[in-house]
Amino acid sequence: MLRVKDRGAVVAEIPNRALTDEAPVYRRPLEQPEYLAEVQTFDLDALAVRPASGASIAPSNNDLVALLASPTIGSKRWVYRQYDHMVRTNTLNLPGFGAGVVRVKGTDRGLALSVDGNGRYCYLDPYRGAMLAVAEAARNVACAGARPLGATNCLNFGNPERPAIMWQFAKAVEGIGAACRALDVPITGGNVSLYNETDGRAIYPTPVIGVVGLLEHADRVISRRFHVAGDAVILLGEGRGELGGSEYLKVVYDLVRGMPPHLDLAAERALQSLLVRLADARMIRSAHDCSDGGLAATIAECCFDTGGMGAEISIGGVDVSRQAALNRAAALFGESASRVVVSASPDRAADVLAHAAAAGVPARVIGRVGGSVLRMAVAGETAIDIGIDEAERAWSTTIEHYFAKRVA
């Protein structure tokens with residue numbers, strides 16, 4: 001029985017079975033889309049490597065700026081500044097700083113909320129793409145220091161009367177269920193938006209997932225921003241140079257191909273639990289999940305809204321191509337899942353690494369906060385060297401420039 005009480009008085013009472021087991025069930029024909037075989041086949045070595053145009057780091061600098069200026073990654077400040085985002089002064093983590101966090105007045109607690117979804121991933125593999133959406137939303141909540149508690153969804157698809165669309169829908173629901181069970185984040189409700197098509201062409205299958213989490217101590221909330229020069233930058237998780245369905249392929253090559261990143265749900269759960277413990281123990285000063293744009297875009301975003309604070313980073317290479325330039329791009333912009341960049345004071349870095357080891361989460365110090373430049377080396381060779389002001393300008397103005405051209 002679902003029973004709702006208001007100050008002890010029952011105001012609603014509904015048998016659960018009527019909402020679940022006895023609900024209407026549609027059993028429409030399913031058919032795997034014909035396009036999948038083509039788009040999932042992807043040969044990275046077939047990509048043309050662009051000329052270096054002088055300095056060897058120029059392509060990587062240009063690629064990073066292009067990614068930061070894409071609507072997917074660029075700051076959404078132009079939108080949210082037009083609305084009340086303080087929620088009666090209860091907002092603790094401002095928009096753009098990671099998961100939104102609001103205080104629960106009268107208690108020490110806070111609620112963290114994040115909404116995520118990637119239509120390209122689901123177009124390439126709706127099952128894995130939906131799992132990745134759940135994982136990212138929950139990971140963003142954990143990055144704020146909150147323990148994920150529950151989820152909701154908005155399932156956006158084309159015409160379900162077409163067997164291929166119904167197959168996408170069914171696989172996405174299966175993926176959501178698998179991820180929610182593994183991460184212990186139950187779906188509490190949601191909605192469905194179907195028949196999203198223009199001239200018979202459907203939108204990408206796009207399940208959008210919202211996750212809410214609990215901060216026991218709201219004053220221990222964590223945001224994406226670096227805070228103190230000299231802090232250690234630590235990468236939790238491993239990068240495998242996965243470019244399938246990535247923002248890099250879309251922006252630089254105008255391609256949507258390959259397989260979305262692999263997702264190990266046990267590793268994801270261990271990472272999220274670790275983040276909550278680190279934040280609660282005040283071991284870390286910032287945390288930002290690595291997703292669209294890969295590690296390079298993530299580190300850059302950690303530097304933004306800091307007054308121009310940069311970072312010196314060194315990461316290992318990956319071997320996914322016969323071309324050195326593509327291997328470098330994969331290390332910088334690959335979107336492997338279950339990765340988070342955290343910062344910690346130098347005297348707490350060893351503690352963070354020890355806790356990560358105990359949790360079975362790969363972790364290593366990859367650099368230091370400081371200066372006014374983002375400098376990243378891959379396998380010992382400088383790949384990105386760009387002023388924070390230049391990078392932040394591209395990131396912070398893209399949405400405004402986009403809409404300025406369309407609004408009288």
Side-chain angles (χ1 to χ4, degrees), residues 60-87 91-102 112-120 133 136-137 139-141 143-144 206 208-211 221-227 233 246-248 250-252 285-311 313 332-333 335 339-343 369 372-374 376 384 386-407:
S60 295
N61 272 2
N62 294 340
D63 291 345
L64 176 60
V65 170
L67 288 170
L68 295 174
S70 72
T72 298
I73 296 177
S75 170
K76 312 305 185 291
R77 184 181 294 115
W78 185 85
V79 178
Y80 63 69
R81 73 181 183 185
Q82 302 181 51
Y83 300 91
D84 172 22
H85 55 264
M86 290 307 299
V87 196
T91 301
L92 298 175
N93 221 12
L94 295 175
F97 285 9
V101 180
V102 293
L113 310 98
S114 181
V115 178
D116 290 279
N118 189 315
R120 286 198 304 272
E136 184 178 355
R139 191 185 317 129
N140 281 328
V141 164
C143 281
T206 311
V208 177
I209 306 297
V211 169
V221 61
I222 301 293
S223 78
R224 64 163 168 80
R225 297 180 299 163
F226 291 147
H227 286 273
V233 180
S246 66
E247 191 72 7
Y248 173 79
K250 181 66 177 68
V251 169
V252 177
R285 293 203 230 255
S286 70
H288 190 22
D289 94 298
C290 191
S291 55
D292 299 314
L295 187 58
T298 299
I299 297 288
E301 289 179 324
C302 292
C303 297
F304 298 158
D305 297 305
T306 65
M309 191 179 300
I313 304 294
L332 293 169
F333 308 117
E335 297 179 359
R339 291 186 297 166
V340 171
V341 172
V342 302
S343 65
V369 177
S372 59
V373 171
L374 172 58
M376 295 187 67
I384 287 176
I386 187 170
I388 293 301
D389 288 346
E390 177 186 351
E392 188 165 3
R393 188 161 50 250
W395 173 80
S396 63
T397 60
T398 183
I399 299 294
E400 182 174 358
H401 288 166
Y402 180 87
F403 283 109
K405 301 174 184 176
R406 291 161 173 78
V407 178

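For clarity, every value in this text was computed on a predicted model and none was experimentally measured.
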Asks: With a 3.5 Å distance limit and no angle check, can you tell me whether Glu390 reaches the backbone of Ile386 through a side-chain donor-acceptor pair?
Replies: no

Asks: Sub-3.5 Å donor-acceptor pair from the side chain of Lys250 to the main-chain atoms of Arg120, do we have one?
Replies: no

Asks: Would you please name every residue forming a side-chain contact (heavy atoms from CB on, under 4.5 Å) with Pro95, sequence neighbours left out?
Replies: Tyr80, His85

Asks: Applying side-chain contact (heavy atoms from CB on, under 4.5 Å), can you list everything that pairs with Leu113, at least two apart in sequence or on another chain?
Replies: Val102, Val212

Asks: Quick one: closest heavy-atom pair of Ile399 and Ser75, and the distance?
Replies: CG1-O, 3.1 Å

Asks: Can you list everything that forms a side-chain contact (heavy atoms from CB on, under 4.5 Å) with Val251? Sequence neighbours excluded, please.
Replies: Ala66, Leu67, Ser70, Glu247

Asks: With sequence neighbours excluded, tell me which residues meet side chain to side chain donor-acceptor pair (under 3.5 Å) with Asn93.
Replies: none

Asks: Taking only residues two or more places apart in sequence or in another chain, which ones pass ring pair (Phe, Tyr, Trp, His ring centres under 6.0 Å) with Phe97?
Replies: none

Asks: Using side-chain contact (heavy atoms from CB on, under 4.5 Å) as the criterion, list what pairs up with Ser286, not counting sequence neighbours.
Replies: Phe226, His227, Ser343

Asks: Would you check, one step at a time, whether the test side chain to side chain contact (heavy atoms under 4.5 Å, CB included) holds for Arg77 with Val79?
Replies: CA-CA 5 Å; Arg77 184 181 294 115; Val79 178; over 6 Å; no

Asks: Quick check: closest heavy atoms across Ala137 and Ser114, and the distance to 0.1 Å?
Replies: O-CB, 3.6 Å

Asks: Go through it in stages, so that I can follow the logic: the residues are Thr397 and Trp78, the test is side chain to side chain contact (heavy atoms under 4.5 Å, CB included), and I'd like the CA-CA distance, side-chain angles, deciding distance and then a yes or no.
Replies: CA-CA 8 Å; Thr397 60; Trp78 185 85; over 6 Å; no

Asks: Check Ala133 against Ile209 and note the closest heavy-atom contact, atom names and distance.
Replies: CB-CG1, 3.8 Å

Asks: If I take atom CZ from residue Arg139 and atom CZ from residue Arg339, how far apart are they, to the nearest 0.5 angstrom?
Replies: 9.5 Å

Asks: Answer yes or no: is there a side-chain heavy-atom contact under 4.5 Å between Glu400 and Arg81?
Replies: yes

Asks: Give the C-alpha distance, both sets of side-chain angles, the deciding distance and a yes or no for side chain to side chain contact (heavy atoms under 4.5 Å, CB included) between Asp289 and Cys143.
Replies: CA-CA 7 Å; Asp289 94 298; Cys143 281; 4.0 Å; yes

Asks: Report yes if the side chains of His288 and Val342 come closer than 4.5 Å at any heavy-atom pair, otherwise no.
Replies: no

Asks: Just jot down the side chain to side chain donor-acceptor pair (under 3.5 Å) partners of Thr206, sequence neighbours excluded, or say none.
Replies: none

Asks: Is there side-chain contact between Val369 and Val233, with at least one heavy-atom pair below 4.5 Å?
Replies: yes

Asks: Of all heavy-atom pairs between Asp389 and Gly308, which one has the smallest distance, and what is that distance?
Replies: OD1-CA, 4.4 Å

Asks: Is it true that a side-chain atom of Thr306 and a backbone atom of Met309 form a donor plus acceptor pair closer than 3.5 Å?
Replies: yes

Asks: If you measure from CD1 on Ile384 to CG on Leu64, what distance do you get to the nearest 0.5 Å?
Replies: 4.5 Å

Asks: Under the side chain to side chain donor-acceptor pair (under 3.5 Å) test, which residues partner Arg224, sequence neighbours left out?
Replies: Asp305

Asks: Measure the CD-CG distance between Glu301 and Leu68 for me, rounded to the nearest 0.5 Å.
Replies: 7.0 Å

Asks: Which atom pairs, donor and acceptor, lie under 3.5 Å between side-chain atoms of residues 291-299 and protein residues at least two apart or in another chain?
Replies:
{"residue": "Ser291", "atom": "OG", "partner": "Glu136", "partner atom": "OE2", "Å": "3.1"}
{"residue": "Thr298", "atom": "OG1", "partner": "Gly294", "partner atom": "O", "Å": "2.9"}

Asks: Are Phe333 and Val252 close enough, and set up right, to give a side chain to side chain contact (heavy atoms under 4.5 Å, CB included), and what steps lead you there?
Replies: CA-CA 11 Å; Phe333 308 117; Val252 177; over 6 Å; no

Asks: Checking Ser223 now: which residues fulfil side chain to side chain donor-acceptor pair (under 3.5 Å) with it, not counting sequence neighbours?
Replies: none

Asks: Taking the side chain from Thr398 and the backbone from Trp395, do they hold a donor-acceptor pair closer than 3.5 Å?
Replies: no

Asks: How many angstroms lie between atom CG of Leu332 and atom OG of Ser60, to the nearest 0.5 angstrom?
Replies: 5.5 Å

